[in-house]
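Every number for a ligand or one of its atoms is a count from 1 in the order of the listing. Side-chain atoms are counted along with the backbone in the values below, which use heavy atoms only and exclude waters and symmetry mates.
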Amino acid sequence: MRTVHSLKELRTILRGYRQQGKTIGLVPTMGNLHDGHISLVRKATEAADVVVTSIFVNPMQFGANEDLDTYPRTLADDQEKLRLAGNTLVFAPTAEEIYPEGLARQTRVVVPEVSEGHCGASRPGHFEGVATVVSMLFNMVQPDFAVFGEKDFQQLAVIRKMARDLLIPVEVIGAPTVREADGLAKSSRNGYLSEEERAIAPTLYRALETTVAELASGRTDFEALETEAQQTLTGAGFRPDYFNIVNSQTLKPATAEDPELTVLAAAFLGTTRLIDNLSVRR
Ligand code: PAF
């Protein structure tokens, strides 16, 4: 497995693969890889001849008071995990390689509607940063398909719309959330949790499960359900950011007629912000 840091080298290698008629799968990541990321890589290796995993802590998607500086950078560990998972090529560029003129001068991609609300409301500019870097990764790698985790449900919706609207010929594939034994969704940010916070953290998933069970039983008093869940989270020691029941396609507030609903949640434990979601067909 090779690692390249420059776009020039990436393009040279990928040109060779394309000339041999090989299909290419892309797994975009910010590194600090856990089993969730590795499941994306394994999914990609099942479908493509060549799998490129990008590792880039994208400064454009972090807000001023967020964890850009402290975000864990663990390239050597990540390389080993990717090698074992059958990954072909790691693309680990510097910020200068991706944004040579700096962030202020960079052309940006704005995806309306699905970027609004939920994480988009709490993290202004976040999805603009995600859509911009992912569209650039699609152009740099020109993969046949790219795999993203469903844990970042709104991100996946933003990327699907971005690819559709900009006619980018990359198939966007979602892969199921990988969880710890107690239900906590695997996340690079779980490493920030203290022992005490880690013990509380699965309450987020349990609150989602409870809400989904109520929805499956036919309840349509969505606001009351959201409030009940927020109270559960607050009682457990969380500071809820949002707990929203939405239409799974549009991410707009749920209506009684929607055939599929998704419960989107974000909550702080101390300074760590956890997100998760669950969907239900009715
Ligand atoms: O989900 C992530 O790790 C990032 O948002 C992504 C898609 C790699 C873009 O930087």
Side-chain angles (χ1 to χ4, degrees), residues 7 10 25-41 43-44 51-63 66-75 77-78 81-82 85 87 89-99 103 106-111 114-115 118-120 122-141 143 145-163 166 168 170-178 185-192 264 266 272-277:
L7 177 55
L10 176 80
L26 169 67
V27 182
T29 80
M30 298 205 301
N32 193 229
L33 305 180
H34 51 67
D35 291 351
H37 296 111
I38 298 306
S39 76
L40 309 182
V41 175
K43 197 173 177 84
V51 176
V52 180
T53 297
S54 61
I55 297 181
F56 178 58
V57 182
N58 172 32
M60 197 191 281
Q61 69 188 72
F62 286 78
E66 295 185 349
D67 54 345
L68 173 62
D69 294 338
T70 53
Y71 199 87
R73 283 140 170 104
T74 52
L75 183 60
D77 277 3
D78 294 345
K81 288 177 187 165
L82 289 170
N87 185 71
L89 186 64
V90 179
F91 177 47
T94 59
E96 292 69 34
E97 186 75 11
I98 301 293
Y99 303 121
L103 287 185
Q106 176 64 41
T107 300
R108 289 166 184 251
V109 177
V110 175
V111 182
V114 282
S115 293
H118 325 299
C119 285
S122 313
R123 304 182 67 189
H126 171 66
F127 287 122
E128 189 173 309
V130 170
T132 301
V133 81
V134 172
S135 64
M136 292 170 78
L137 285 165
F138 283 2
N139 285 329
M140 289 185 273
V141 177
F145 66 85
V147 191
F148 298 86
E150 286 170 356
K151 186 194 143 243
D152 296 294
F153 194 87
Q154 188 176 14
Q155 168 171 284
L156 183 56
V158 168
I159 291 167
R160 282 193 204 284
K161 179 167 166 60
M162 180 270 293
L166 298 182
I168 301 179
V170 174
E171 187 190 350
V172 176
I173 296 174
T177 302
V178 177
K186 299 242 182 188
S187 164
S188 299
R189 291 189 168 102
N190 292 351
Y192 296 154
L264 301 174
T272 307
R273 186 172 177 276
L274 301 178
I275 65 169
D276 203 350
N277 67 84

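Those atoms of ligand 1 with a heavy atom of P28 less than 4.0 angstrom away are 8 (C). Each of the atoms 9 (C), 10 (O) of ligand 1 lies under 4.0 Å from some heavy atom of V133. Close approach of ligand 1 to T29 is summarised as follows: ligand atoms under 4.0 Å from at least one heavy atom of the residue are 8 (C).
Comparing M30, Q155, Q61 by heavy-atom distance to atom 10 (O) of ligand 1, the nearest is Q61.
Remark: side-chain polar atoms of T177 are paired, donor with acceptor, to backbone N or O of K151 under 3.5 angstrom. Proximity of a side-chain donor or acceptor of N277 to a complementary backbone N or O of E150 within less than 3.5 Å is detected. Between the side chain of N58 and the main chain of G129, a donor-acceptor pair closer than 3.5 Å is present.
Side-chain contact check for V158 versus V130: every heavy-atom pair is 4.5 Å or farther apart.
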